[in-house]
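Here's the structure, in structure tokens; my notes come after.
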There are 4 protein chains.
Amino acid sequence: MSARREATRQKLFEAAITLISEHGFGATTVDQIAERAGVAKGTVYYNFAGKAELFTALLEWGVDRLAEHLRAAVSGPPRAALTEVLRAELAFIGTHEAFARLLMAETWRTNQVWYAAVRQIRSKAIGVISGLLEELAAEGELPAGLDVGVAASALFGMVLTVALDWRTLQPDRPLEEVHTTVARMVEGMLRADDRSGETNGGPSLTPRRTPR
Amino acid sequence: MSARREATRQKLFEAAITLISEHGFGATTVDQIAERAGVAKGTVYYNFAGKAELFTALLEWGVDRLAEHLRAAVSGPPRAALTEVLRAELAFIGTHEAFARLLMAETWRTNQVWYAAVRQIRSKAIGVISGLLEELAAEGELPAGLDVGVAASALFGMVLTVALDWRTLQPDRPLEEVHTTVARMVEGMLRADDRSGETNGGPSLTPRRTPR
Amino acid sequence: MSARREATRQKLFEAAITLISEHGFGATTVDQIAERAGVAKGTVYYNFAGKAELFTALLEWGVDRLAEHLRAAVSGPPRAALTEVLRAELAFIGTHEAFARLLMAETWRTNQVWYAAVRQIRSKAIGVISGLLEELAAEGELPAGLDVGVAASALFGMVLTVALDWRTLQPDRPLEEVHTTVARMVEGMLRADDRSGETNGGPSLTPRRTPR
Amino acid sequence: MSARREATRQKLFEAAITLISEHGFGATTVDQIAERAGVAKGTVYYNFAGKAELFTALLEWGVDRLAEHLRAAVSGPPRAALTEVLRAELAFIGTHEAFARLLMAETWRTNQVWYAAVRQIRSKAIGVISGLLEELAAEGELPAGLDVGVAASALFGMVLTVALDWRTLQPDRPLEEVHTTVARMVEGMLRADDRSGETNGGPSLTPRRTPR
DNA sequence: AATGAATGAGCATTCATTCAT
DNA sequence: GATGAATGAATGCTCATTCAT
């Protein structure tokens, strides 16, 4: 892979990610991508097998960056780490709004060629959260009856929704304000075990795992 | 509006909602909609101004049903009502999976003709949740620093995400199992005020409103 | 099938047959076909599944006409009938030169989608000739050792080649002059049995059939 | 012309002849030719002016070999030589089936750049046959009224057709079986003069020449 | 009220050719 | 001599929309 080719692929990535997240996969044309990247249309096909493959490569690229970003936020005790990871997710979306819209819009499509790819890719990011929840579960800090897999996806989706609403409706609001609400909600969930014995239904104190 | 015409519109609705949620708005053709509805292509245009208008009508129809479904679940004290509303959302998505995918996929698109419509429509459903949160806030049952608007969108998005993951990855799992996790997470949040005074940062005890 | 649609298909046929036979299948564009037929490009696709299908339908249409033309020439004793059928083939090609070029050019392609169609279609025309040869064989008028299937294809190909050379190199020459040569060649073949016993190699006097 | 370059051209020839005869000129891409030849795409253009020129060179190369093959079969009295030449044509096609298909498919195209080249090239091969027919005509062994030029093209086309049908439909059949039928047909034609005086139309005993 | 044939702008994709290395 | 990245005109095909019936 020559350096020139690599540079071209990078330009195409950046052009495609913006356009697709703004107009969606279907409404973005290869002409637009090529023009924005400053190359000829044929160059798109010289570098990627097709529009769909460019899209898949793009998703992978984006989720890798997101996962990396989340992993970098993990430090210290799991409780604090979780709050930080969610802040990192919020921050990432603030910076890469275009990609987040793309992820939201295309993840829930069925019957698509790239369906499998999207699911697998998404789980990379959620994996960081569920890893922390596993640790908290091991320390008995999760409420009884909580399924770690479900909870991880719940937190991921919650933050994604909040973040996009933030960017869409109140883009000028500082991140911290938004994060406070998220943090409060999560704290409540985590501290639930402090009160276990009060009302929690009996002895099933161990969190449940997502069945396979 | 004749009964015959109304029946035709209904057939078109049902055909469109399934197809669009499976393949997306862009990838669904008017031909497919007409064929699935068992009418000629021209009939679509006799009954709707165009594909986009059919889509808008469809969203409205679906969100009205969702909001209605959620409102019907509101009863008793707000705390219990909130749990029930979220269960209702979960159940609605279980039954109208196609519509939920559609809502998720198209809500986050910018620069679309129906962007305004989608936002307005979506707020109908979220409104039911934020209504309950307002009541809880008035009773002092929400953690300090919690923004009701953000929290409502967070809960709505959380349940939507969980529900679609459930339908996609573990469709045979009973609703109750999934709901348990959601309920535990929300309970923690609500009970947070039981512990207020412990660690809450300072005097800002009243929940904040989402600024307009 | 409405009358209007049928008329459109006919216009497309006539446009396509001329263009394809002049420039070949690959070099003829759908734009050209539509323009020559005086319809919009989309109309081609409304009436045929695609370019290849239009081509297949075209071949079938042409070979049906050719076979019909050849059958119409069959009358009287088989010996005379054969001469007349070959004259009819020559005449048909004189009139439908474009189609004949098409048949020649595309019959011998392997690995094509329409390969099977072409073979089957071509055998319709050859069938008329082999039918006559069967009759002649039954009357003992064919030379020993002659395979009827091979001979029919030989005569068909011989006349096709001669006819196209005629149209290409000496288009002003009258048909009769060309037919004379063909007729002389065939007469020789048929009269071979007059001399059987002279030099024919042994007892295998019955013509052979093409093995399956 | 360096040895290396000559080797590259040879590789390109072999790759092109197979691909073009299998898929046709139009459907064969320069990429495919380069890949099959094991060289880079640019190398094709370094060695040939373009795709069309490669094709012309290819045809010439093939027809030269065919003509050479036919000439080598000429020996002894013209009557026997003719049978042998036709056997040689059959054998050549059995061995170079790909090239024969190519010749058949492209000879009959009008309006092509290489039209003139193809005709001229083809006449080399037919020339061997018409040469023998001229000799036979001089010895009075051809039927009256036979045009030598037409007859040569007829025999060439007849054998080409038979040969390709043989390779396509009954590739396992031995060459001799196919050749027997061809030989019988030609024998009949040649011996026709043995019977002249019987029914041949009057005094026009001298074969005619193809007018120019 | 419904139909379906026709339309044509728009799109993804292909591919012969060029050229800097 | 050879390479392969880049090009862009050309092409098959799609599909929302129109309209005469």
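This is a predicted model, so every value here is computed, not measured. Numbers restart at 1 for each chain; the letters A, B, ... are given by sequence-line order, proteins then strands. These numbers come from the heavy atoms of this one structure, side chains and all, not from hydrogens, waters or symmetry mates.
To the nearest angstrom, C1' of F:dC13 lies 11 Å from CG of C:Asp31. Atoms CD (C:Glu53) and P (F:dG12) sit 13 Å apart, rounded to a whole Å. Protein atom CD1 of D:Ile33 is 17 Å distant from nucleotide atom C1' of F:dG4, rounded to whole Å. What separates CZ of C:Phe48 from P of F:dT14 is a distance of 15 Å, to the nearest Å. The CD-C1' distance, from C:Glu6 to E:dG4, rounds to 15 Å in whole Å. Atoms CD (B:Gln32) and C1' (F:dT14) sit 11 Å apart, rounded to a whole Å. One atom, CG of A:Leu54, and another, P of E:dT13, lie 10 Å apart when rounded to the nearest Å. One atom, CD of A:Glu35, and another, P of E:dC11, lie 12 Å apart when rounded to the nearest Å.
For the pair B:Leu164 and B:Arg101, the minimum side-chain heavy-atom distance is below 4.5 Å.
When each of D:Ala40 and A:Gly38 is assigned the nucleotide of DNA chain F with its nearest heavy atom, D:Ala40 is the one assigned upstream, toward the 5' end. Across the interface with DNA chain E, nearest-nucleotide mapping of A:Gly26 and D:Thr28 shows A:Gly26 to be the residue nearer the 5′ end. For the pair D:Val30 and C:Val39, nearest-nucleotide mapping onto DNA chain E gives the more 5' position to C:Val39.
Among residues at least two apart or in separate chains, side chain to side chain donor-acceptor pair (under 3.5 Å) pairs with a member in residues 37-50 of chain D are D:Arg5-D:Asn47, D:Asp31-D:Lys41. Sorted by first then second residue, the salt bridge (Lys or Arg N to Asp or Glu O under 4.0 Å) pairs that include residues 43-60 of chain B, not counting sequence neighbours, number zero.
Counting non-hydrogen atoms under 4.0 angstrom, C:Val44 reaches nothing in the nucleic acid.
To the nearest 0.5 Å, atom CG of residue D:Leu54 and atom CZ of residue D:Arg9 are 9.0 Å apart.
Minimum atom distance to the side chain of B:Arg5 is reached by E:dA1, of the listed F:dG1, E:dA1, F:dT7. When each of E:dA6, E:dT7, F:dA2 is scored by its nearest atom to the side-chain atoms of D:Asn47, the top-ranked nucleotide is F:dA2. Counting only heavy atoms from C-beta on, D:Thr29 has its side chain closest to E:dC15 among F:dC13, F:dA2, E:dC15. Taking the side chain of A:Thr8 as heavy atoms from C-beta on, and the options E:dA6, E:dA12, F:dA6, the nearest nucleotide is F:dA6.
Taking a pair as Watson-Crick or G-U wobble with both distances under 3.5 Å, DNA chain F forms stems of 3 or more consecutive pairs at E:2-21 with F:2-21.
With sequence neighbours excluded, the residues satisfying side chain to side chain donor-acceptor pair (under 3.5 Å) with C:Gln10 are C:Glu14. Under the side-chain contact (heavy atoms from CB on, under 4.5 Å) criterion, B:Ala57 pairs with B:Phe13, B:Phe48, not counting sequence neighbours. Residues satisfying the side chain to side chain donor-acceptor pair (under 3.5 Å) test with C:Arg167, not counting sequence neighbours, are none. Residues satisfying the side-chain contact (heavy atoms from CB on, under 4.5 Å) test with C:Ser123, not counting sequence neighbours, are none. Residues passing the side-chain contact (heavy atoms from CB on, under 4.5 Å) test with A:Ala37, sequence neighbours excluded: A:Lys11, A:Leu12, A:Ala15, A:Val39.
A distance-only check finds a donor-acceptor pair linking the side chain of D:Thr28 to the backbone of D:Leu19 [under 3.5 Å].
Residue B:Ser2 places at least one side-chain N or O under 4.0 Å from the OP1 or OP2 atom of E:dA1. Taking side-chain N and O atoms only, C:Tyr46 has no distance below 4.0 Å to OP1 or OP2 of E:dA6.
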Would you list the protein and nucleotides 18-21 of chain E atom pairs, both N or O, that sit under 3.5 Å from each other?
none

